[in-house]
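Just so you know, ligand 1 is whichever comes first in the structure, and atom 1 is the first atom listed for that ligand. Residue indices begin at 1 and follow the sequence shown. Since we're looking at a predicted model, the values are computed, not measured.
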Amino acid sequence: MTNYQLVLDYIVEAVRPQFGKGKVADYIPALAGVPPRKFGIAVCTMDGQIFKAGDADEGFSVQSISKLFVLQLVMQHFGNMIWTRVGKEPSGDRFNSMLRLEQEQGIPRNPFINPGALVILDLLQSLKGDAYQRIRNYLRFLSMNETLDSNPTVADSEFNHAHVNRALAHLMKGYGNIHGDVEALMEIYCFQCAMEMSCVELAIAGLPLAGGGYSRPHETAVISKSQAKRINSVMLTCGMYDSVGSFAYRVGLPAKSGVGGGILAVAPEKLTVCTWGPELDAYGNSYVGTAALEMFTEMTHTSIS
Ligand code: GLU
């Protein structure tokens, strides 16, 4: 039996030399002030046991990790038709790149790059009811924290600087792949990205992906087995932007990162592991988090291969 606590305590110390090698995201001004040398790691096993070390209980901006959960909500409602509006191939470009979007007539490569997430959110927004509430309620349920919320300062800061994301949305609207109002879409997108969760909460929230849709702590099948399989597969090939290949080589697990410095990784039928380290590499993924996950999977022999 692996002693996860021992492993996490070791990793918290072993990653220290990696501090200072990456850079905190500053293109969203409210994120620039996050203390760079924070580090947390949490593991949640299939039976709901939690192991944690470092700043694992501190809330941080989930940013693109939210795309994982909004995708679940939209798949629950729309099923496979979503793939007519968004692809499932790695983009090989930056997360907010516009390059291929014009070449490919406004159909984003996958749901985890920004244009793909905007299309997914446009689908959610087309449903009756308040999309804000729907996202917040779902994250509260998944994280088992009824007080979870979005940080309005971060959401406003991104909204006021979201020129590239607005351009992506308008380009797609020009091609007919965004149906709703762009400003309303941007508002809810910034709200979704500014949700604050800790490593522990994200590890719990990811459990249905590890359990073929079912999660023991939630006592229910949150998504179907097939949906869990499909989402994990798209995470494996597209979850870490244009360094997804080297991440897969180093870590060996499907994962989703955010520019807030979080990474949530899923070991099917075994566990979830979430890290937080705000300093990012050149691709927008946590520098320390990636190193920590590589150590974790090497030490515990946890990988899909
Ligand atoms: N809110 C961020 C953006 O749209 C999310 C990017 C990310 O976390 O990778 O730029």
Side-chain angles (χ1 to χ4, degrees), residues 22-34 59-71 86 90-99 101 108-122 124 131-132 135 139 150-172 178 182-197 199 202 205-206 234-235 238-244 247 255-265 274-290:
K23 197 171 163 294
V24 176
D26 56 7
Y27 75 101
I28 300 172
L31 290 183
V34 174
F60 61 89
S61 202
V62 300
Q63 294 296 319
S64 274
I65 304 177
S66 63
K67 295 171 182 172
L68 199 54
F69 303 111
V70 178
L71 178 63
V86 63
S91 76
D93 297 315
R94 267 190 79 69
F95 59 86
N96 57 2
S97 174
M98 203 167 285
L99 279 176
L101 207 51
R109 277 272 163 140
N110 67 68
F112 293 145
I113 50 174
N114 287 8
L118 290 167
V119 167
I120 293 298
L121 190 57
D122 185 57
L124 189 76
Y132 281 93
I135 294 171
L139 287 176
S150 180
N151 180 324
T153 310
V154 175
D156 280 357
S157 176
E158 179 166 8
F159 185 79
N160 293 329
H161 291 83
H163 308 298
V164 176
N165 286 334
R166 268 192 187 83
L168 292 168
H170 278 292
L171 184 62
M172 291 189 289
I178 291 288
V182 169
E183 280 311 285
L185 186 70
M186 290 318 306
E187 207 178 313
I188 186 158
Y189 176 74
C190 295
F191 166 89
Q192 149 191 342
C193 290
M195 287 297 297
E196 285 191 337
M197 293 169 79
C199 291
L202 278 165
V234 181
M235 265 207 287
C238 310
M240 303 298 291
Y241 301 128
D242 45 333
S243 69
V244 72
F247 182 89
K256 183 73 205 86
S257 65
V259 294
I263 304 176
L264 173 59
C274 181
T275 56
W276 174 47
E279 293 176 326
L280 308 180
D281 63 18
Y283 303 99
N285 299 318
S286 171
Y287 197 98
V288 181
T290 305

Residue pair Val119 / Pro108: nearest heavy atoms and the distance that separates them: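 So the two residues come closest at CG2-CG, 3.8 Å.
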Proximal ligand 1 atoms for [X], defined as those under 4.0 Å from one of its heavy atoms:
X	answer
Cys193	1 (N)
Gly258	8 (O)
Phe95	6 (C), 10 (O)
Glu158	1 (N), 2 (C), 3 (C), 4 (O), 10 (O)
Tyr189	1 (N), 2 (C), 3 (C), 4 (O), 5 (C)
Tyr27	2 (C), 3 (C), 5 (C), 6 (C), 10 (O)

Does some side-chain heavy atom of [Y] sit less than 4.5 Å from a side-chain heavy atom of [X]?
X	Y	value
Phe191	Met186	no
Val34	Trp276	yes
Met240	Tyr283	no

May I ask you to decide if the ring planes of Tyr27 and Phe95 are parallel, tilted or perpendicular, using 30° and 60° as cut-offs?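 If you compare the ring of Tyr27 with that of Phe95, the planes turn out tilted.
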Which protein heavy atom lies closest to [atom], and at what distance to 0.1 Å?
atom	result
atom 8 (O) of ligand 1	Val259 N, 2.7 Å
atom 1 (N) of ligand 1	Gln63 OE1, 2.5 Å
atom 9 (O) of ligand 1	Tyr241 OH, 2.5 Å
atom 7 (C) of ligand 1	Ser64 OG, 2.7 Å

Donor + acceptor pair across side chains of Tyr189, Glu158 (<3.5 Å):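 No - no donor-acceptor pair under 3.5 Å links their side chains.
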Rounded distance [0.5 Å steps], CG in Asn96 versus CG in Leu168: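 The CG atom of Asn96 sits 6.5 Å away from the CG atom of Leu168.
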Donor-acceptor contact below 3.5 Å, side chain Asn114 vs main chain Asn165: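 Checking the backbone N and O of Asn165 against the side chain of Asn114, no donor-acceptor pair under 3.5 Å is found.
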Residue-ligand contact Asn96/ligand 1, heavy atom below 4.0 Å: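 Judged by the 4.0 Å heavy-atom criterion, Asn96 does not count as contacting ligand 1.
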Is Asn165 touching ligand 1 with its side chain, its backbone, both, or neither, if touching means heavy atoms under 4.0 Å apart?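 It is the side chain that gets close, since no backbone atom is under 4.0 Å.
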